[in-house]
Structure formats: structure tokens, C-alpha cells
Amino acid sequence: MTITVYVPCDASALSLGADAVARTIEAEAATRTTAVRLVRNGTRGMCWLEPLVEVQTAAGRVAYGPVTAADVPDLFAADFLSGAAHALRHGPVETIPYFNKQNRLTFARVGLTDPRSLDDYLAHGGYRGLRRALELGGAKTVQEVADSGLRGRGGAAFPTGVKWRTVMEQRAPQKYVTCNADEGDSGTFADRMLMEGDPFVLIEGMTIAGMAVGATRGYIYLRVEYPHAYRTLTSAIATAYKRGYLGTGILGSGLAFDLEVRLGAGAYICGEETSMLESLEGKRGEVRFRPPLPAIKGLFGQPTIVNNVISLASVPVILERGAEFYRNFGMGKSQGTIPIQLAGNIKRGGLIESAFGISLQELLYDFGGGSASGRPIRAVQAGGPLGAYIPASQFDTPIDYEAFAGIGALLGHGGLVVFDDTVDMARMARYAMEFCAIESCGKCTPCRIGSTRGVETIDRIMQGVEPERNLALLEELCDTMVQGSLCGLGGMAPFPVQSALKHFPQDFRRGGRA
Ligand SMILES: Cc1cc2nc3c(=O)[nH]c(=O)nc-3n(C[C@H](O)[C@H](O)[C@H](O)COP(=O)(O)O)c2cc1C
Ligand code: SF4
């Protein structure tokens, strides 16, 4: 009898020794009579359990983790291949609370399947969304996406259906679908996990987008720091071409769609959509003036969809199961699900796909288990390096775009970076300004010059030099950057500074720091 064993090939598992675990399982199995079929799956998103090894048994896929190569002989001795007891055993994956309390729609196959296998993708419902989209036709597909309530998961939360309709209504010789896979926000990894764990769902989502708006070419703009995602995506794209899921006559229809991956060179500003388009055109990543919007004049001057990985990867399930099914998750104007990423000083870091409405408290304590240091959590930075610091007194805030705006925060791409009570919030404010100074594209003065002056002003405050005068100056500088910057980098970099000043004023009045 052959037993299937899963060892993740996701970058988080690889960084923790998954390849060595896989090799040791194969070597150990070779010395015994039991035949083992090793499958390299994506991750289930429970990073603190990686490498999480799963064994296919009659009772389902039984999980063991975190497994090191040194644990493997002991696991064999305990007969883990039959799902037997062991100190590292967590039982069937679906019974692990961190996993079974989620609403896995976009990430339904991530960790379940072999990411490079189109057959596995098809066996788990793949390409049903595109088939339905082809039946509906372009206009009704756009309507379905609009009705689902999907808003861009890249950060700005703009309604995806509205963007698609604008592109659909343009007359042009060529239209494009571009996928923003730059994922520059601190503490975020949802795009990477999706691309490494289920690349075909992104390919399908982009193909549906192309069909819906009349675009025949697509580009995935991927950050160069994601080599595993690059290899997985390029392998999946080659398979899709070979099997007739990309190119011409897709699924026997008249649909044509070409797709390729382009690597960015590693600049935060290249995640901003107009900079990304410049970079895709082979130019320096610098922000464009708007209007015109990319939907009207985008890549090479043609109408272009720019969507985040998660937005596009959510489209197949919306088409397959219908707008109403998707819309019924969530709250208010935040409909569907969002992958929250727990990072920083947290005990159980990882990815949680949940319906909107879950509170920060539940995420940090029920899922995350509190801080890794065991000390009280003092603040959480949500929405990347431009997001506000949220104090513990606001942890009852639900994950909802409007509720976050109501407390002056951003949900962004769903990253939460956790800090315990030893954090110095004046230093964190300085870091935000320094980040902006380093990453500014330099096109406008408030951001290019303002961020450098901001660092100098915070330094003076931290040294105790005329603190009240410099605090007033810092407030004024933040206001100028928010009002006068051309794009979100300079326009939002003051948010973490302002939130630190508001919620943690005592950290700015200590003085005496170098
Ligand atoms: C400085 C800056 C960096 C950004 N970085 C990213 C990024 O890494 N990935 C992303 O999807 N969107 C990023 N965005 C948002 C994009 O400009 C754009 O709103 C998004 O790609 C649109 O896709 P969506 O509607 O699916 O979210 C960034 C915006 C700004 C201002
Ligand atoms: S705000 Fe900063 S990053 Fe944005 S256009 Fe101005 S200089 Fe460039």
C-alpha cells in the first residue's frame, strides 16, 4: 500500500527546513517496506507549526508539526504513517481550531493541493468559475463581480466591479489585465502564499478578467524577492498553455488570453499602481499624475485593469458560487472574506482567512495566542508601513474598512504587526518617516523633503531638544505631507506618526535618547 505524505514547499516552511524533512522522510521510507508518495503542497497558513507534515489516513489528513529532520525517525517509529499518537500530532487538519474557525474561500485549495498540478486543481473545482463566466459573457460577468461587493484587497478597497466596468466600456485596440504582486507592506505574505500554494486560481481569475473586459494580454508584476512564487507561477503558466487554458481557443471557446510574469526590482513605490505600470513599461518606477486613470489610459497608454493578487484570485469562487454566496460573508460595505496576516511579536503567526467583522481582539488572542514574548500587547500596526498604530483600547474594532477608517486606521492588505509593551513608539514613528525618506520616488516636495525633515524633527524630540516646539512642528509637517503629496506614500506616511503621537504621547516626552 502507498501512503501519501504532504510536506509544504511554501517559502515559510522551506525557511524552517521543509526540504530536509522531505528528504529524510523519503530516505527513511526507503529503508522500510511501506511505500510513501511525497507531495509538496502549499502551506495551511499556520506558520508556527511549519514544517507541518500531513499523512493521508482513513480519518483524513493527520497533521504533525513543527517537524524537523531529526524528528523523522521517531515519527516513523511511532507509526505516524497510520496517523498514530506522537508529541507533534495535532489530529486531522480540519479539527485544528486555528484552521477550522476560518472561512476559506479564496484560500480553499492552498495547502490542500499540489500547486503545480493542473489535474489537482481541476479535481478540486478549478476552472468552474471560468466556465460559468464564459456562459454569462463579459457584461454579466462584470455585473456578477460588482454584485459580490468585492473591493480591492491591495489596500485602497476600491470596488473591483466598478474598475472592470470602466475598462470594459473603453474602445481600444488593446486592453490589459495587470496583477499587482509587489506585496511591499510589512507583515504581509498573503499574495506570496496564494501564488506559491494555488497559482492556477490567479491564472483563472486573470483569464476571467480578460474575458470580461475584452483584454487579451495579462502581466503579473512580481517582486523579485519571491523566487519560489516565480518558479511556481512560471511552471503553472507553462502547464496552462500546454493544456489549452491559456493562449487561443481557451476551453474550446473563442477566448484568447496570454499571460506572463515580470519581475520588479524591489522598490516599495512600484506597488503603487501607476509606478507599477511605469516599471512594467521598462521605465523607472515613478508615480504618474492622475487623471487619466489606468482603467482609461494605463499600460502602454491602453485601458488596463490593475488588481491585487487576492482580488483577482477571489474572482473564480465568486463566479463559481455566485455573487450572493460571496456577499453573504462579511458586514456592512465590507463583503466577503479577507486574509489577515499575523506577524511581529505574536505567538501563533500565520494567515487567517475570515469573513469581515471578526475583531482585532479575536485575531490577536483567540488565533494569535497573544504576544510571543508573553508580555501584554501594546500596539498593532495594521495596513503596512503607512498604517496607523492601534492601541490595545481599540482592539474591539471589527475588521471592516469603515470601522477602521472610523478610528483613523487602515486595513490595507490585511497585515497586522504586533508589538508588546517594551516598544518605544517614538522610535516607531521615526522609522515610519525614515521608511518614507528611503522609499520616496522623489517626484513631489512634501514627500521627498518632508520625510527627511520629519526624521530630523523626531530625532530632536527624542533627544529632548525643545520638545514642545518640535512636536508642534512635526504635527504641522505631517499635515502638509497628508494634504500636499501626490500619492499615498507621502500622503499616508504621517499616519503612523500621528497615531503614535495621539495614542502614546508619553513616549515623545522622555527625551535623552541618542
Ligand atoms: C505606496 C503604495 C504602495 C502600494 N503597494 C501595493 C502593493 O504592494 N500591492 C498592491 O496590490 N497594491 C499596492 N498599492 C495599491 C495600488 O496602488 C492599487 O490600489 C492596487 O494595486 C489596486 O488593486 P486592488 O483594487 O485589487 O486592490 C500601493 C499603493 C501605494 C500608494
Ligand atoms: S508622495 Fe512620494 S512617492 Fe508619491 S509621488 Fe510624491 S515623492 Fe513620489
Side-chain angles (χ1 to χ4, degrees), residues 106 145 150-164 166-167 177-192 194-195 202 205-206 209 219-226 264 266-280 284-290 293-295 298 304-315 336 338-339 383-387 401 410-415 432-433 435-452 454 480-495:
T106 307
V145 172
L150 179 67
R151 291 164 72 179
R153 302 288 188 248
F158 187 79
T160 307
V162 172
K163 192 180 282 186
W164 286 24
T166 309
V167 178
V177 177
T178 60
C179 170
N180 190 341
D182 200 50
E183 195 161 57
D185 283 356
S186 41
T188 62
F189 43 84
D191 294 351
R192 181 187 59 68
L194 191 288
M195 292 182 288
L202 177 58
M206 291 185 74
Y219 294 95
I220 299 171
Y221 185 84
L222 180 72
R223 63 182 299 130
V224 72
E225 293 92 338
Y226 282 174
Y268 184 70
I269 197 58
C270 286
E272 191 281 335
E273 60 185 9
T274 62
S275 281
M276 185 197 85
L277 294 174
E278 288 285 294
S279 180
L280 265 177
R284 179 188 149 145
E286 200 177 62
V287 173
R288 292 180 183 171
F289 289 101
R290 272 180 301 193
L293 294 169
T304 302
I305 288 180
V306 183
N307 270 138
N308 171 255
V309 173
I310 305 301
S311 315
L312 289 161
S314 300
V315 167
I338 178 164
L386 313 177
Y401 295 117
L410 290 174
L411 192 47
H413 188 45
M433 278 292 184
F435 179 83
C436 183
I438 293 169
E439 296 293 337
S440 168
C441 84
K443 187 157 180 158
C444 66
T445 317
C447 169
R448 186 183 68 247
I449 309 285
S451 52
T452 300
T480 305
M481 287 176 72
V482 171
Q483 305 298 328
S485 295
L486 181 58
C487 87
L489 179 46
M492 297 193 295
F495 291 172

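The figures that follow rest on heavy atoms only: side chains count, while hydrogens, waters and symmetry mates do not. For ligands, and for the atoms within them, numbers begin at 1 and follow the listed sequence. Note that the coordinates shown come from a computational prediction; the quantities given were computed from them, not determined experimentally.
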Side-chain donor-acceptor contact under 3.5 Å, [X] with [Y]:
X: Asn308; Y: Asp191; value: yes
X: Asp185; Y: Tyr268; value: yes
X: Tyr221; Y: Thr178; value: no
X: Glu273; Y: Ser275; value: no

[X] heavy atoms, cut-off 4.0 Å: which ligand 2 atoms fall inside?
X: Gly442; answer: 7 (S), 8 (Fe)
X: Gly490; answer: 1 (S)
X: Ser440; answer: 2 (Fe), 7 (S)

* **Criterion side-chain contact (heavy atoms from CB on, under 4.5 Å) against Ile310, the qualifying member of Leu150, Leu202, Ile338, Leu194** => Leu194

Show which atoms of ligand 1 fall inside a sub-4.0 Å distance from at least one heavy-atom site of [X].
X: Asn308; value: 10 (C), 11 (O), 23 (O), 24 (P), 26 (O), 27 (O)
X: Gly184; value: 8 (O)
X: Arg153; value: 26 (O), 27 (O)
X: Asp182; value: 8 (O)

Looking at [atom], what's its closest protein heavy atom, distance included?
atom: atom 8 (Fe) of ligand 2; result: Cys441 SG, 2.4 Å
atom: atom 2 (Fe) of ligand 2; result: Cys447 SG, 2.3 Å
atom: atom 4 (Fe) of ligand 2; result: Cys487 SG, 2.3 Å
atom: atom 18 (C) of ligand 1; result: Glu273 OE1, 3.7 Å

* Tell me, do Thr106 and Pro339 make a side-chain contact under 4.5 Å, heavy atoms counted? ->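 They are not in side-chain contact.
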
* Asked: Out of Arg192, His413, Arg223, which residue meets the side chain to side chain donor-acceptor pair (under 3.5 Å) rule with Glu183?
  ->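 Among Arg192, His413, Arg223, the one meeting side chain to side chain donor-acceptor pair (under 3.5 Å) with Glu183 is His413.
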
* Is the distance from atom 8 (Fe) of ligand 2 to the nearest N/O/S atom of Cys444 under 2.8 Å? -> no

* Would you kindly specify which portion of Glu183 sits under 4.0 Å from ligand 1, judged on non-hydrogen atoms: side chain, backbone, both or neither? => backbone

